[in-house]
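Just so we're clear, the structure is a prediction, and the values are computed from it rather than from any experiment.
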Amino acid sequence: MAAQADNRLKTALGIARNSAAWLALVAGLFMASAWIGSSVPRNADWQEADDGVTILIETNGVHTAIVMPAITDQKNWRTHFPTSDLKFDLAGYTHVSASWGEREVFLNTPTWADITPSTVIGAATGGDGLLHIAHYVRPAPASNIRPLTISRAQYARLVGAVEKNVLPVAERGRYPGYGGQDVFYDAPGTYHIGNTCNQWVSDTLAQAGIRTGWWTPFAAGVMKWVPPLER
């Protein structure tokens with residue numbers, strides 16, 4: 001009996017080791033493919049404009065977003081994202097930060113400590129999309145929020161790309177944000193491992209004709225194309 005139990009334990013340990021090895025291999029291949037995919041540029045000939053509209057690309061190291069002026073001659077984002085939807089409805093907001101992600105992750109993980117393996121697996125295998133809109137007052141460029149000046153024509157295309165993800169007010173739900181200056185809205189699209197929040201940012205930039213990577217599941221893959229402030 002003891003020998004049988006010992007054999008079963010060895011078999012179980014062997015299966016566990018093999019499973020861990022396969023998982024490590026898959027993770028390694030995914031990381032490598034993400035690095036390669038994000039290094040291949042779209043709109044490779046794009047150059048920053050001398051004059052136009054300045055946007056910013058922000059990151060917290062995991063998630064990226066596009067920050068745009070709240071009001072320009074081309075677009076008033078307050079028609080889609082009114083400050084009355086915020087807990088702190090202030091007159092001084094100058095910019096809106098737009099990002100897209102998975103509903104459960106956005107709504108149920110206000111801090112990194114709230115993320116569980118089941119949440120990650122659920123998002124990776126498919127989840128409904130949600131827009132996250134934050135309102136800022138004159139955001140100062142920094143290492144994690146980098147400016148890009150694009151032409152007015154490119155900004156018009158960027159606006160159109162973002163608008164594709166905005167549902168009519170009567171058809172969308174609205175959900176409280178993490179603080180007093182942000183809010184979530186229902187949005188079209190399905191989040192999965194091949195269509196992440198960071199992929200949304202790079203796809204949106206690419207539609208505007210801005211240089212970015214082809215496949216950017218990670219924030220670093222987006223930010224590698226945004227010149228740092230030291231330029």
Closest heavy-atom contact between [X] and [Y]?
X	Y	answer
Gln207	Lys164	OE1-NZ, 2.9 Å
Val226	Arg146	O-NH1, 2.8 Å
Pro139	His95	CD-ND1, 3.3 Å
Pro41	Arg211	CB-CG, 4.2 Å
Ile55	Met68	CG2-CG, 4.3 Å
Arg152	Gly52	NH1-CA, 3.6 Å

>> Taking side chain to side chain contact (heavy atoms under 4.5 Å, CB included) as the definition, give me every residue that meets it alongside Ser97, ordered by chain and number, with sequence neighbours left out.
In response: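 So Ser97 forms a side chain to side chain contact (heavy atoms under 4.5 Å, CB included) with Glu58, Ala65, Val67, Ala134, Tyr136.
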> Linking I/L/V/M/F/W/Y whenever any side-chain heavy atoms sit under 4.5 Å apart, do Ile150 and Leu205 land together?
Replying inline: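 Shared cluster, yes.
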> Should Leu167 and Leu131 be regarded as members of a common hydrophobic cluster, given that ILVMFWY residues are connected when their side-chain heavy atoms come within less than 4.5 Å of each other, either directly or indirectly?
Replying inline: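 Cluster IDs for Leu167 and Leu131 differ.
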Without swapping roles, check the side chain of [X] against the backbone of [Y] for a donor-acceptor pair under 3.5 Å.
X	Y	result
Arg172	Asp186	no
Trp100	Trp200	no
Thr72	Gln74	yes
Arg78	Ile71	no
Gln154	Ala208	no
Asn165	Ala161	yes
Thr79	Asn76	yes
Asn43	Trp46	no

Is it the case that [X] and [Y] place a side-chain donor and acceptor less than 3.5 Å from each other?
X	Y	value
Gln199	Asp203	yes
His135	Asp182	no
Ser84	Asp89	no
Thr64	Asn198	yes
Ser202	Arg42	yes
Thr149	Thr54	yes

>> Do Ile66 and Leu158 make a side-chain contact, defined as non-hydrogen atoms from C-beta onward lying under 4.5 Å apart?
In response: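 Yes, at least one pair of side-chain atoms sits under 4.5 Å.
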>> With a 4.5 Å cut-off on side-chain heavy atoms, are Pro147 and Pro141 touching?
In response: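 Counting from C-beta outward, Pro141 and Pro147 do come under 4.5 Å.
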>> Is the terminal nitrogen or CZ of Arg174 (NZ for Lys, CZ for Arg) located under 6.0 angstrom from the six-membered ring centre of Tyr185 and within 45° of that ring's axis?
In response: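 No cation-pi geometry.
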> For the residue pair His132 and Tyr175, is the inter-centroid distance of their aromatic rings smaller than 6.0 Å?
Replying inline: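 No: the rings miss the under 6.0 Å criterion.
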>> Would you say the ring centers of Phe184 and Tyr178 fall short of 6.0 Å from each other?
In response: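 Phe184 vs Tyr178: aromatic centres under 6.0 Å.
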> How are the rings of Phe81 and Trp77 set to each other: parallel, tilted or perpendicular (split at 30° and 60°)?
Replying inline: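 Ring orientation of Phe81 relative to Trp77: parallel.
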>> Distance check, rounded to the nearest 0.5 Å: Trp215 atom CH2 versus Thr196 atom OG1?
In response: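 Output value for this atom pair is 8.0 Å.
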